[in-house]
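Structure record follows, encoded as structure tokens.
Reckoned from all heavy atoms, side chains included, excluding hydrogens, waters and symmetry mates. Small disclaimer: the values here were computed from a predicted structure and weren't measured.
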Amino acid sequence: MYKKSQELFDLAEVIADSLKEDKMKEHLAVQIFSNAALIQAKIAGAEGGGLYTLRMQNAVLIKLATQDMFNAISFASMVEINEEDYVDLMRDKIDEFRVVFNEWVRGFDKTYDIPDNWAIRFDASTPEQEKLEELMFDEDRFFDDFDDDEELGEDPEESEE
């Protein structure tokens with residue numbers, strides 16, 4: 001996993017270096033490079049903490065950083081501010097990374113976890129999650145409390161007469 005992230009990082013570094021000419025390019029270079037660095041930091045964070053929820057939180061941040069990095073590279077290509085077309089090369093690297101990433105996430109131990117009282121669980125099969133979901137907003141139950149006759153300020157007693 002870390003090896004594949006290093007490949008992404010190295011490619012991101014090359015792309016970022018090619019964009020350091022003006023303010024617009026510099027901003028994209030920073031975005032690309034910082035997301036590549038964030039991916040590696042979150043892998044280390046996930047590996048350093050064994051709790052399933054913490055590992056999954058890091059995995060989500062890795063996914064988002066990967067998408068943000070690719071979006072910046074795609075934008076640079078769309079507005080034609082990079083000399084090389086790195087989009088296809090990065091897409092291929094991200095696809096390779098995604099395969100390893102998916103295997104890595106599937107290897108997380110779901111049984112090694114504790115509830116964190118934030119109502120965000122990545123495995124809804126736990127009794128704690130089922131209890132939390134009962135407390136969450138239920139659109140059907142919410143709208144059942146409204147009577148159709150009360151639309152637009154009508155008094156329900158007047159409409160029955």
Side-chain angles (χ1 to χ4, degrees), residues 1-139 142:
M1 178 69 181
Y2 194 81
K3 280 179 157 181
K4 283 294 177 188
S5 74
Q6 186 62 46
E7 291 176 15
L8 280 178
F9 183 85
D10 292 342
L11 180 56
E13 186 175 31
V14 168
I15 295 169
D17 284 344
S18 74
L19 294 174
K20 292 183 177 178
E21 293 175 12
D22 60 39
K23 290 288 183 191
M24 177 64 160
K25 291 181 181 182
E26 183 72 26
H27 176 73
L28 285 172
V30 168
Q31 185 178 356
I32 292 165
F33 191 72
S34 63
N35 278 304
L38 181 66
I39 291 166
Q40 291 191 314
K42 293 303 172 184
I43 291 170
E47 288 300 310
L51 291 177
Y52 179 74
T53 299
L54 294 176
R55 295 187 85 187
M56 286 301 294
Q57 287 171 353
N58 281 303
V60 168
L61 294 173
I62 291 166
K63 177 188 176 200
L64 293 173
T66 304
Q67 290 174 328
D68 286 347
M69 180 178 61
F70 185 73
N71 289 341
I73 293 166
S74 296
F75 177 76
S77 179
M78 278 191 312
V79 296
E80 299 175 352
I81 61 172
N82 62 338
E83 292 111 26
E84 308 264 343
D85 187 10
Y86 291 108
V87 176
D88 291 334
L89 186 56
M90 183 55 86
R91 182 180 289 121
D92 292 343
K93 283 292 171 200
I94 288 174
D95 282 342
E96 291 173 16
F97 178 76
R98 184 185 45 76
V99 170
V100 175
F101 174 84
N102 289 339
E103 291 173 17
W104 178 64
V105 170
R106 285 187 196 108
F108 292 174
D109 182 3
K110 293 178 183 180
T111 63
Y112 186 62
D113 204 9
I114 56 173
D116 65 1
N117 299 323
W118 279 89
I120 297 174
R121 298 281 300 184
F122 299 99
D123 182 10
S125 64
T126 63
E128 295 87 6
Q129 180 64 20
E130 290 171 9
K131 287 178 188 175
L132 288 171
E133 287 176 359
E134 286 176 17
L135 299 173
M136 290 181 182
F137 179 74
D138 181 352
E139 185 177 315
F142 177 79

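Separating the CD1 atom in Ile15 from the CG atom in Leu89 is a distance of 6.5 Å, to the nearest 0.5 Å. The CG atom of Leu28 lies 11.0 Å from the CG atom of Asn71; values are rounded to the nearest 0.5 Å. The line from CE of Met1 to NZ of Lys3 is 14.0 Å long, rounded to the nearest 0.5 Å. A distance of 7.5 Å separates NZ in Lys93 from CG in Leu11, rounded to the nearest 0.5 Å. Atom CZ of Phe70 and atom CG of Leu8 lie 11.5 Å apart (nearest 0.5 Å). Within the model, atoms OG1 of Thr53 and CD1 of Ile114 stand 8.0 Å from one another, a figure rounded to the nearest 0.5 Å.
With hydrogens and angles ignored, the 3.5 Å screen pairs a side-chain donor or acceptor of Arg55 with a backbone N or O of Ala46.
Here the side chains of Asp95 and Val99 are not in contact, with every heavy-atom distance at 4.5 Å or above. Within the 4.5 Å cutoff, no side-chain heavy atoms of Tyr86 are placed close to those of Ser77.
If you check the side chains of Gln6 and Asp10, you find a donor sitting under 3.5 Å from an acceptor.
Closest approach of Ser74 to Val87, counting heavy atoms only: CA-CG2, 4.0 Å. Closest non-hydrogen pair, Arg91 versus Asp88, comes out as NH1-OD1, 2.9 Å. In terms of heavy-atom proximity, Met69 sits nearest to Ala36 at SD-CB, 3.8 Å. Residues Leu51 and Asp113 approach most closely at CD2-CA, 3.9 Å, considering heavy atoms.
Asn58 pairs in a side chain to side chain contact (heavy atoms under 4.5 Å, CB included) with only one of the listed residues (Lys63, Glu47, Lys42), which is Lys42.
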For Arg106 and Glu103, run salt bridge (charged side-chain N to carboxylate O under 4.0 Å, His left out): C-alpha distance rounded to whole Å, both residues' side-chain angles, the deciding distance at 0.1 Å, then the answer. CA-CA 5 Å; Arg106 285 187 196 108; Glu103 291 173 17; over 6 Å; no

Taking it one step at a time, do Val100 and Glu96 satisfy side chain to side chain contact (heavy atoms under 4.5 Å, CB included)? CA-CA 7 Å; Val100 175; Glu96 291 173 16; over 6 Å; no

Candidate pair Phe97 and Ile39, rule side chain to side chain contact (heavy atoms under 4.5 Å, CB included), full reasoning: CA-CA 11 Å; Phe97 178 76; Ile39 291 166; 3.8 Å; yes

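Between Phe108 and Tyr52, the two ring planes are perpendicular [angle over 60°; tilted spans 30° to 60°].
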